[in-house]
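Have a look at the structure below before the remarks.
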Amino acid sequence: MVGQDDADVRAITFPVEHVETPDCSVGVIVPYSAGGGKPVTRVKFFLCGSYPRKIDMRASQFFIATLKEAPSDAEVVSHKLMTRAGMIRKLAGGIYTYMPIGLRVIRKIEAIIREEMNRAGGIELLMPLIQPAELWQETGRWDKMGPEMLRVKDRHDRDFIIQPTSEEVVTDIARGEIHSYRQLPKNFYHIQTKFRDERRPRFGVMRGREFTMKDAYSFDRDEAAAEKSYQAMYAAYVRIFERLGLKFRAVRADTGAIGGSLSHEFQVIADTGEDLLVYCPDSDYAANIELAEALPPAAVRPAPTFAMEKVATPDTIRCEDVARLIGLPLEATVKSIVLATDTPLGPEVWLLLVRGDHELNEVKAGKLPGLDGGFRFASEPEIIEHFGCPPGYLGPLNTKKPVKVVADRTVANMADFVSGANEIGFHVKGLNWGRDLPEPDLVADIRNVVEGDPSPDGKGVLAIQRGIEVGHVFFLGTKYSAAMNCTYLDEAGKPQPMVMGCYGIGVTRLVGAAIEQNHDAKGIIWPDAIAPFTLVICPVGWGKSEAVRDTANRLYTELTAAGIDAILDDRDERPGVMFADWELIGVPHRLTIGDRGLKDGMVEYQHRSDPEATKVPLDEIVSLLRGKACA
RNA sequence: CGGGGCGUAGCGCAGCCCGGUAGCGCGCUUGCUUUGGGAGCAAGAUGUCGGGGGUUCGAAUCCCUCCGCCCCGACCA
């Protein structure tokens, strides 16, 4: 047993066996008595193998660096709390040092991810941070990635990048090492520093430039096998986020720049999230708003009832104001958005129409034929050239030059609507497709869904909530294997491209997301699984009471031996300081020991989310905490 | 990238308009007192006022320039 009471001891030896577990984490075998039954031996996982746990964890020997006030550049609560709790310190925009408290949380998250990745068949390796340009040129992403990818040169003036992701390198490994269908499937992963030179880093570690990501890549012989790998990763992700103690939702997602055909995001539910999640409470439909389909209106377009009429709307630009001025509902107006594409023949101008109360979905627009090669918002000169009028009074009626008109499904179904008259200070009302102007060139779903829209699966109506994207799984197909000639030989001895999937988890972003979801006015409230410490022992009167000191030391030793990740606050701070610090840091379980209770043989237990402490007899506290704080 | 704002002690800020001794709170150091919810008193330490250039007898303050940071950015808000 650990058996040491002396506060001055710095390095207690821990006479238990370190074992190499099947998934390569290092654990220690600890005696464990489950519910008072016969003692059993079980492996208690502390932290990952590369992070030896300091067994004697006393606050005076550790590093607690809390702040009363957050730096003024911190905007969101997780950034403020992480800084105040001493988890991170900013070095440059979007670049942070992970301080000791913060690193412990990261290591715990990594340990859980490793366990579940290994359980799901993943094989850990570690690919370099710096990668040669050649591989990226091979897939074409050297040119496609843009300034988000940090490029560096070595002393010979050769191009390198600091990796934002590792598809190229892992595919290079696979094509070099895997030659036979017998070697498939394989899933390689690593947990590595990434660098993405974000246009606007913000929100602390939530959108940093340098961050830690777990990225995994699966290689299979065919689509069916690859889909199994995808499902295995999906299931592993569900387990990971459940173990982390977070409320999350898996949603269908756009495949974006990475490419591929099937994709889910794992979103931590938080009102401060940047993403909008669409889900159906009556079914299992869930998607990112980028992807969620707005179904065509069920009804047939009504017949025109009014004559078209031009109305003066001086200085009235926004649909809301136009509707109010004319005295019609906002739903009767149509919003005009002008896009441009740059073709070899020069710019082409597009007019996209959504209902006044709807919003354009740029991801959907970007998939339209003609816009799928990339688009931009048209410049004001381009707008005037084509519409004969500056922004604010634009519409599909009588454009000066022909433009390609794309109407949202809802707009295509409208009658007697309002839009700009392409004349400064005027709109038109009573406008009707077919009668007053030709049918749109294209009718498509180009808007964001709104709450109450019918669910695409036909099983109810949609609801919307905010989330933080912490994980993303992609079915890649052969996009990279084809580009890089990554093949294996099948039974017939024929080369076949490997079918790939890729799977990411933002480790450092998870830290921020967990805080966004779990905090109060005093600070962070960690889920047990990722708390920097599971339990803090707060002795009141450490410096003056031998009884307090002895009891604290003894309980610390016993609880640690029981496998509880505890820290003993021996700093001899005043209680207010001590409590405020640990509440800010967010340690979920607190044991308070003071002369006041000790004289009655009592100590106090309080969970971070409890309103107040509970008195517990001294001889019951260890078994109580074993039940509560021993994950 | 465009627009706006800000850089003064470890953190939060004042001083700048109107040029003249660099300040406040928290934190830090020392001592005494205090000791169950961020203690009190006393005495201290800490600054290239973001960098460079200019104007001036004199610049945190006025001018130029560079850098850094923050916020905002649809014909949404």
Side-chain angles (χ1 to χ4, degrees), chain A residues 64-76 79-80 83-84 86 89-95 146-148 197-204 207 209 316-322 330 333-340 349-362 365 375-380 382-384 386-387 389-396 403 419-420 422 424 427 446-448 450 522-523 538-545 548 571-585 590 592-599 602-604 606 612-613 615:
Chain A
I64 314 288
T66 55
L67 297 174
K68 280 191 182 167
E69 290 178 276
S72 56
D73 57 13
E75 200 202 351
V76 296
H79 188 190
K80 286 180 184 158
T83 306
R84 288 225 290 134
R89 289 291 182 257
K90 186 167 86 169
L91 184 62
I95 300 176
E148 188 179 281
D197 203 352
E198 294 277 347
R199 188 172 50 159
R200 259 186 78 190
R202 52 181 164 169
F203 306 150
R207 185 173 290 283
R209 292 195 292 172
T316 311
I317 289 172
R318 293 164 53 209
C319 288
E320 289 83 350
D321 301 329
V322 172
L330 183 57
T333 62
V334 167
K335 185 157 36 186
S336 300
I337 298 140
V338 184
L339 304 180
V349 170
W350 298 62
L351 174 64
L352 273 65
L353 302 171
V354 296
R355 205 170 70 184
D357 59 325
H358 287 158
E359 285 182 354
L360 177 69
N361 181 315
E362 290 182 37
F375 65 84
R376 57 182 170 81
F377 289 99
S379 67
E380 186 153 339
E382 283 170 339
I383 290 172
I384 292 172
H386 286 80
F387 292 85
C389 157
Y393 307 96
L394 304 178
V403 298
S419 87
N422 294 323
I424 292 179
H427 282 74
I446 56 170
R447 69 170 172 97
N448 283 336
V450 294
K522 292 174 177 173
C538 292
V540 176
W542 173 268
K544 66 164 194 189
S545 166
V548 165
R571 294 177 298 168
D572 198 24
E573 284 286 356
R574 303 167 66 87
V577 174
M578 196 160 46
F579 296 154
D581 271 352
W582 294 110
E583 281 160 354
L584 173 61
I585 293 168
R590 185 173 85 199
T592 307
I593 300 165
D595 274 328
R596 194 195 277 181
L598 230 39
K599 69 180 193 308
M602 304 293 265
V603 292
E604 290 162 44
Q606 184 173 4
E612 52 192 48
K615 284 193 166 64

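Chain letters run A, B, ... following the sequence lines, proteins first, then strands; residues in each count from 1.
With a cut-off of 3.5 Å on both Watson-Crick or G-U wobble distances, the partner of B:C11 is given as B:G25. Nucleotide B:C32: paired with B:G40 (Watson-Crick or G-U wobble, both distances less than 3.5 Å). Look at B:A59: it lacks any Watson-Crick or wobble partner with both distances under 3.5 angstrom.
Rounded to whole Å, the separation between the C1' atoms of B:U21 and B:G3 comes to 40 Å. Distance noted for atom C1' between B:A60 and B:A45: 22 Å (whole Å). The separation of B:C63 from B:C70, taken at their C1' atoms, amounts to 25 Å, rounded to a whole angstrom. Rounded to the nearest Å, the gap between the P atom of B:G2 and that of B:C16 is 32 Å. A distance of about 27 Å separates the C1' atoms of B:G25 and B:G19, rounded to the whole Å. Nucleotides B:G7 and B:G12 have their P atoms positioned 12 Å apart, rounded to a whole Å. B:C32 and B:G68 are spaced 45 Å apart, taking the C1' atom of each and rounding to whole Å. Comparing the same atom, C1', in B:G37 and in B:C13 gives a spacing of 27 Å after rounding to whole Å.
With B:G38, B:G36, B:G12 as the candidates, the nucleotide lying closest to the side chain of A:Ala580 is B:G38. In the set B:G38, B:G37, B:U35, the nucleotide with an atom closest to the side chain of A:Val577 is B:G38.
Shown here are the salt bridge (charged side-chain N to carboxylate O under 4.0 Å, His left out) partners of A:Glu382, two or more places apart in sequence or in another chain: A:Arg376.
In this structure, the separation between CG on A:Asp357 and CG on A:Leu330 is 5.0 Å, given to the nearest 0.5 Å.
Among A:Leu353, A:Val354, A:Asn422, the single residue meeting the side-chain contact (heavy atoms from CB on, under 4.5 Å) criterion with A:Ser336 is A:Leu353.
Within the 4.0 angstrom heavy-atom criterion, base atoms lie near A:Ile337. Base contact: A:Leu360 has a heavy atom under 4.0 Å from a base atom. Using a 4.0 Å heavy-atom cutoff across all strands shown, A:Glu604 reaches at least one base atom of the nucleic acid. Among the atoms of the strands shown, base atoms are found under 4.0 Å from some heavy atom of A:Arg590.
The shortest distance between side-chain heavy atoms of A:Ile585 and A:Ile64 falls below 4.5 Å. Between A:Leu351 and A:Val338 there is a side-chain heavy-atom pair separated by less than 4.5 Å. Side-chain contact between A:Glu362 and A:Phe375 is present, with heavy atoms from C-beta onward closer than 4.5 Å. The shortest side-chain heavy-atom distance between A:Ile317 and A:Tyr393 falls under the 4.5 Å cut-off.
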Per-nucleotide protein contact along nucleotides 65-72 of chain B, 5' to 3', at a 4.0 Å heavy-atom cut-off (B base, S sugar-phosphate only, - neither), is ----SSSB

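Between the side chain of A:Asp595 and the base of B:G36, no donor-acceptor pair under 3.5 Å is found. Judged by distance alone with a 3.5 Å cut-off, a donor-acceptor contact links the side chain of A:Glu583 to the base of B:G37.
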Using a cut-off of under 3.5 Å, enumerate the N/O to N/O pairs linking the protein to nucleotides 31-34 of chain B.
unit_1, atom_1, unit_2, atom_2, d
B:U34, O2, A:Arg574, NH1, 2.7

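Checking A:Pro391 against A:Gly541, the closest nucleotide of RNA chain B that is more toward the 5' end is the one next to A:Gly541. Ranked by how close their nearest RNA chain B nucleotide is to the 5' end, A:Phe579 and A:Gly392 are led by A:Phe579.
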- prompt: Stepwise, does the salt bridge (charged side-chain N to carboxylate O under 4.0 Å, His left out) test hold for A:Arg202 with A:Glu75?
  reply: CA-CA 8 Å; A:Arg202 52 181 164 169; A:Glu75 200 202 351; 5.7 Å; no

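One side chain, A:Asp581 or A:Thr66, offers a donor N or O that lies under 3.5 Å from an acceptor on the other.
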